[in-house]
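Quick notes on the structure that follows.
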Amino acid sequence: MRFDIITIFPELIHGYLREGVLGRGQAKGLIQVHTWNPRDFSDNAYRRVDDRPFGGGPGMLMMAPPLLAAIAAARAANPGAPVLYLSPQGQRLQQSAVQDFAGVEGLILLAGRYEGIDERVLAEVDAEWSIGDYVLAGGELPALVLMEAVARQLPGLLGHADSAAEDSFADAGLLDCPHYTRPEVVGGKKVPEVLLSGDHARIRRWRLQQSLGRTAERRPDVLAQRVLSAQEQQLLEDYRRQDGE
Ligand SMILES: CN1CCN(c2ccccc2CNc2ccc(C(N)=O)cn2)CC1
């Protein structure tokens, strides 16, 4: 899968890509990431990409011509890829959308800076996405968040260790269950004995029950989006009964 990111801070992107799951994904050839800097498409000697807003107001805006030229270059290199604009005005990125994006050949991500971009650039944008209701100085972190969330879904990207974590229900629309590792006793608190039992069916059931219970307690809105099987409903009832005790 190919990602093309339009940004005036390409090093912010490449620096993060050197480590972790995205770095490994690139090394494995499962993802290709290219950045396009609007400054390289600026027609003035100072590589200027920003200018003052018409109508006045604080700060500067990103000019349309360098962004449109960078988008055109990215489209030529990543044909058919949708152009996504990361902004606070976008629709909320959820795991369901992440899974949909994992199915496409490529994505072009537009990272805004300054106070935003000239509205006429949006004629070349297919969709606007937000990673949450908060304001950042630039769209690079949201672009990295989207890219990592999507890349994790690509088959073969996560190593064995991570794929074991894939069993967690987080990707199945539930909150994750509690996790424990050595030492067995921490601050007088022991590891739940089920996890030491070696009974993998029981362990999986316990983990599912914990995910269901935590989702019900902390994010009933998330639980509401999931149809529960009869077994899951029973596990949740037992969980609530134990909590009630
Ligand atoms: C001070 N201004 C800086 C620029 N910004 C802006 C405006 C338009 C587009 C991109 C940005 C970049 N910022 C982002 C981007 C995304 C998100 C998100 N939630 O996904 C939050 N912030 C508006 C505010």
Side-chain angles (χ1 to χ4, degrees), residues 1 3-17 20-22 31 33-42 46-75 78 81-102 104 106-153 170-171 173 175 219 221-222 225:
M1 182 168 181
F3 296 90
D4 286 81
I5 299 170
I6 294 158
T7 170
I8 59 169
F9 293 128
E11 261 322 293
L12 280 186
I13 302 296
H14 294 299
Y16 185 77
L17 294 179
V21 73
L22 286 175
I31 56 172
V33 181
H34 292 257
T35 54
W36 301 88
N37 189 338
R39 291 199 191 287
D40 298 332
F41 298 90
S42 167
Y46 309 96
R47 289 161 56 84
R48 182 177 196 136
V49 294
D50 66 315
D51 208 333
R52 296 170 44 242
F54 281 120
M60 306 292 271
L61 293 173
M62 298 185 85
M63 298 161 71
L67 286 177
L68 291 170
I71 290 172
R75 283 191 192 279
N78 198 341
V83 176
L84 310 181
Y85 177 40
L86 290 309
S87 96
Q89 285 72 41
Q91 60 187 51
R92 243 348 240 289
L93 184 70
Q94 309 281 23
Q95 194 68 16
S96 51
V98 167
Q99 281 158 355
D100 293 345
F101 286 139
V104 303
L107 289 175
I108 296 170
L109 307 179
L110 173 56
R113 278 272 159 177
Y114 301 99
E115 291 315 303
I117 68 176
D118 185 299
E119 187 68 11
R120 291 164 291 186
V121 175
L122 297 195
E124 285 301 316
V125 164
D126 296 299
E128 207 164 335
W129 286 91
S130 167
I131 62 168
D133 291 337
Y134 38 82
V135 176
L136 302 167
E140 285 79 10
L141 277 177
L144 286 168
V145 163
L146 188 149
M147 193 162 52
E148 179 164 316
V150 171
R152 291 185 72 254
Q153 300 297 315
D171 284 324
L175 301 188
R219 294 293 306 276
D221 60 305
V222 170
Q225 294 185 10

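Numbering of ligands and ligand atoms starts at 1, following listing order.
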- Give the intermediate values and the outcome of side-chain hydrogen bond (donor to acceptor under 3.5 Å, both in side chains) for residues Y16 and E140. CA-CA 10 Å; Y16 185 77; E140 285 79 10; over 6 Å; no
- Could you name the option among S130, A111, G116 that has the heavy atom nearest to atom 7 (C) of ligand 1? G116
- Query: Is there a side chain to side chain contact (heavy atoms under 4.5 Å, CB included) between V83 and I108 once you walk through the steps?
  - Reply: CA-CA 5 Å; V83 176; I108 296 170; 4.1 Å; yes
- Message: Quick check: closest heavy atoms across P66 and S42, and the distance to 0.1 Å?
- Response: CG-CA, 4.3 Å
- Item | Identity and separation of the nearest protein heavy atom to atom 19 (N) of ligand 1 | G132 O, 2.8 Å
- heavy-atom search around atom 13 (N) of ligand 1 in the protein gives L136 O, 2.9 Å
- Nearest protein heavy-atom contact for atom 23 (C) of ligand 1: which residue, which atom, what distance? V135 CG1, 4.2 Å
- Note on the structure: re atom 1 (C) of ligand 1, the protein heavy-atom contact at minimum distance is E115 OE1, 3.5 Å
- Query: What protein heavy atom sits nearest atom 6 (C) of ligand 1, and how far away is it?
  - Reply: P88 CD, 4.1 Å
- Query: Where on Y114 is there a heavy atom closer than 4.0 Å to ligand 1, on the side chain, on the backbone, on both, or on neither?
  - Reply: backbone
- When you look for heavy atoms under 4.0 Å from ligand 1, do you find them on the side chain of P142, its backbone, both, or neither? side chain
- Query: Does the side chain to side chain contact (heavy atoms under 4.5 Å, CB included) test come out yes or no for I5 and V33, once each step is laid out?
  - Reply: CA-CA 8 Å; I5 299 170; V33 181; 4.1 Å; yes
- Query: Going by the angle between their ring planes, with limits at 30° and 60°, are W36 and F41 parallel, tilted or perpendicular?
  - Reply: tilted
- For atom 15 (C) of ligand 1, what is the nearest protein heavy atom, given as residue, atom name and distance? L86 O, 3.7 Å
- Message: Evaluate I131 for polar contact with ligand 1, using N/O atom pairs at a separation under 3.5 Å.
- Response: yes
- Considering heavy atoms of the protein only, find what lies nearest to atom 21 (C) of ligand 1 and give residue, atom and distance to 0.1 Å. Y134 O, 3.2 Å
- Would L110 and V121 count as a side chain to side chain contact (heavy atoms under 4.5 Å, CB included) if you check the C-alpha gap in whole Å, the side-chain angles of each, and the deciding distance to 0.1 Å? CA-CA 10 Å; L110 173 56; V121 175; 4.1 Å; yes
- Message: Please list the nearest protein heavy atom to atom 9 (C) of ligand 1 with its residue and the distance rounded to 0.1 Å.
- Response: Y85 OH, 2.9 Å
- Name the one of I131, L109, L93, L84 that satisfies side-chain contact (heavy atoms from CB on, under 4.5 Å) with P142? I131
- Task: Start with the C-alpha distance between V150 and R152, add both sets of side-chain angles, then the distance that settles side chain to side chain contact (heavy atoms under 4.5 Å, CB included), and finish with yes or no.
- Result: CA-CA 5 Å; V150 171; R152 291 185 72 254; over 6 Å; no
- Distance col, row R47:CZ vs N37:CG, nearest 0.5 angstrom, shows 6.0 Å
- Query: Looking only at N/O atoms, are Q89 and ligand 1 under 3.5 Å apart anywhere?
  - Reply: no
- Item | Sub-4.0 Å atoms of ligand 1 with respect to non-hydrogen atoms of G139 | 12 (C)
- Go through the steps to decide whether D4 and R75 satisfy the test salt bridge (charged side-chain N to carboxylate O under 4.0 Å, His left out), and finish with yes or no. CA-CA 9 Å; D4 286 81; R75 283 191 192 279; over 6 Å; no
- Message: Only heavy atoms of G112, strictly under 4.0 Å: list the atoms of ligand 1 that pass.
- Response: 12 (C)
